[in-house]
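Notes follow the structure.
Throughout, protein chains are lettered first and strands after them, A, B, ... in sequence-line order, and every chain is numbered starting at 1. Computed from heavy atoms alone, side chains included, the values below leave out hydrogens, waters and symmetry copies.
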2 protein chains.
Amino acid sequence: MTSSTTGFQVIRSASLVDEAFRQIRVGILNGDLAAGSPLRDSVLAEQMGISRSPVREALRLLEQSGLVEKSANRSYRISDLAAADIPELATLRLADEIVAVRTIVQHKVALDPLDAALERLGSPGTTALEIAAADAAFHAAVVALAGMPRLNARYADLTDQIRLVLLAGDLEQTGSSSVLVERHTALRDALRTAIDSGDPLPAIRAWEAHLLQGMQVPDLLDPL
Amino acid sequence: MTSSTTGFQVIRSASLVDEAFRQIRVGILNGDLAAGSPLRDSVLAEQMGISRSPVREALRLLEQSGLVEKSANRSYRISDLAAADIPELATLRLADEIVAVRTIVQHKVALDPLDAALERLGSPGTTALEIAAADAAFHAAVVALAGMPRLNARYADLTDQIRLVLLAGDLEQTGSSSVLVERHTALRDALRTAIDSGDPLPAIRAWEAHLLQGMQVPDLLDPL
DNA sequence: TGATCGCATTCTGTCGACAATCGACAGAAT
DNA sequence: ATTCTGTCGATTGTCGACAGAATGCGATCA
């Protein structure tokens with residue numbers, strides 16, 4: 001890399017907007033911020049020790065990414081995603097992952113980056129939260145393999161919203177670690193055989209089945 | 001300085017951010033704003049007669065919607081979407097429209113709203129630009145029929161970006177009005193028969209063929 | 001006692017100004 | 001002549017403050 005000789009790191013002071021975005025986002029996804037209560041920019045700004053302007057821009061970005069919405073009296077609050085929103089979110093996520101699978105199969109992308117995610121998924125002594133994170137990381141890695149930046153961006157937004165729904169209804173139903181490793185390894189193998197054979201359909205079927213058992217996806221998919 | 005050169009209007013009400021977003025967006029999509037030149041918030045603010053803050057927030061929103069990009073700590077500029085970006089954009093658009101088609105077929109949504117779009121497409125004496133708009137409106141109407149707000153939002157962003165690409169390379173290859181009416185009527189009929197039979201596959205195939213002939217979509221789709 | 005109007009407080013939207021940073025240019029040193 | 005360095009103008013990032021709107025409370029009247 002560029003700075004390998006000196007060990008210097010590239011200095012990039014992220015803008016306050018990016019920093020505020022990041023902090024508010026993790027605050028929401030960790031459940032630290034109360035679900036229904038309004039998000040007041042002045043309060044957030046004071047808590048972060050910055051002015052309101054960057055916070056306001058960050059809130060707008062969070063709104064576009066779906067984690068935050070403006071209520072009628074025009075104050076921001078965390079999106080109250082309910083079980084009613086699950087079908088749409090799950091459908092869109094499945095659609096995006098299928099796009100990724102197809103692209104990967106068509107371009108015969110190397111699958112090595114998935115091994116790291118699989119390993120993290122199977123490492124012993126991980127909390128349920130870490131297991132869920134590793135699960136999400138595997139799917140995100142698959143999507144990333146497609147090399148489509150816009151797909152990546154919108155997929156990240158989707159997973160954030162889904163995580164918010166799960167947080168609200170706390171119906172975290174991640175199975176045991178071992179069975180998860182088994183299932184995701186099967187997914188990778190399906191991808192590999194699809195690449196070898198050139199036919200993505202079996203991999204797509206495996207993906208549908210996988211996401212179907214993860215959460216109730218509408219029966220949109222069987223006709224395929 | 002009046003806004004005669006750019007066609008911007010002085011903003012009066014609503015939210016200045018929304019208004020600025022709207023005006024800059026149409027300015028980009030109409031080609032009024034130079035493609036490569038930087039978008040300076042001070043200049044835009046002055047042209048619209050408002051301060052820089054709303055403009056900056058609008059530019060950030062435009063960045064997330066893909067029409068504008070910013071180099072680190074430097075000025076915004078219109079995204080230089082090239083022909084290299086067409087495969088991803090077209091793939092994502094097709095994926096989204098297929099999601100809509102599947103949802104419509106499964107829920108047996110009434111197709112009446114499409115007739116208005118078809119009529120506009122076939123009304124005589126329309127310019128090539130209006131024909132293109134009516135074409136896009138038909139597809140947007142189909143997506144809207146699915147009733148999925150997030151799908152709608154991201155589809156709108158996609159079509160904006162695609163329009164920007166077409167604007168840059170001006171390879172507008174809209175056929176004659178009559179043949180377009182014919183093709184889109186066929187799409188609606190395919191949708192209808194799919195709803196009646198309960199099998200979305202023929203409609204999906206019709207959609208793939210339609211979008212394939214519209215612009216070079218990668219061969220992602222034939223395995224379906 | 002209950003409802004409605006008015007006032008005060010709080011919050012959001014917007015603005016002008018200051019500070020920080022970047023690219024370019026010119027001058028100096030090799 | 002070329003390269004490095006110091007400075008300057010331009011532009012972005014951030015801030016504190018003001019104005020309008022909304023909310024809540026209290027007083028007054030039916």
Salt bridge flag under 4.0 Å for residues Arg154(B) and Asp157(A): no
Nearest-nucleotide 5' precedence on DNA chain D, Gly49(A) against Leu39(B): Leu39(B)
Nearest-nucleotide comparison on DNA chain D, the residue closer to the 5′ end among Ser51(A) and Arg40(B): Arg40(B)
Whether Ser51(B) side chain and Ser53(B) backbone form a donor-acceptor pair below 3.5 Å: yes
Heavy-atom donor-acceptor pair, Lys108(B) side chain to Ile195(B) backbone, under 3.5 Å: yes
Give the rounded distance in Å between these two atoms: [atom1] of [X] and [atom2] of [N].
X        : N       : atom1 : atom2 : result
Lys70(A) : dA22(D) : NZ    : C1'   : 15 Å
Glu19(A) : dT14(D) : CD    : P     : 11 Å
Tyr76(B) : dG13(D) : OH    : P     : 6 Å
Asp41(B) : dC15(C) : CG    : P     : 13 Å
Leu44(A) : dC11(C) : CG    : P     : 12 Å
Asp18(B) : dT12(C) : CG    : P     : 16 Å
Ile50(A) : dC18(C) : CD1   : P     : 22 Å

Starting the side chain at C-beta, find the nucleotide from [options] nearest to [X].
X        : options                   : answer
Val17(A) : dT14(D), dC15(C), dC15(D) : dT14(D)
Leu16(A) : dT14(C), dT12(C), dT14(D) : dT14(D)
Arg56(B) : dG13(D), dC15(D), dC15(C) : dG13(D)

Bending between helix ends of the helix from dT1(C)-dA30(D) to dT30(C)-dA1(D) [5 pairs per end, 10° resolution]: 10°
Heavy atoms, side chains only, cut-off 4.5 Å: are [X] and [Y] in contact?
X         : Y         : answer
Leu158(B) : Arg93(B)  : yes
Arg163(A) : Thr159(A) : no
Glu97(B)  : Val142(B) : no

Whichever of Ser42(A) and Ser53(B) has its nearest DNA chain C nucleotide further upstream toward 5': Ser42(A)
Restricting to nitrogen or oxygen on both sides, can you table the protein-nucleotides 18-21 of chain D pairs closer than 3.5 Å?
none

Test side-chain contact (heavy atoms from CB on, under 4.5 Å) applied to Ile78(B) and Leu67(B), step by step: CA-CA 6 Å; Ile78(B) 300 178; Leu67(B) 284 184; over 6 Å; no
Criterion side chain to side chain donor-acceptor pair (under 3.5 Å) on Arg150(B) and Gln161(A), from CA distance to verdict: CA-CA 11 Å; Arg150(B) 295 164 192 86; Gln161(A) 293 179 61; 2.9 Å; yes
Phe138(A) and Trp207(A) aromatic ring geometry - parallel, tilted or perpendicular at 30°/60° bounds: parallel
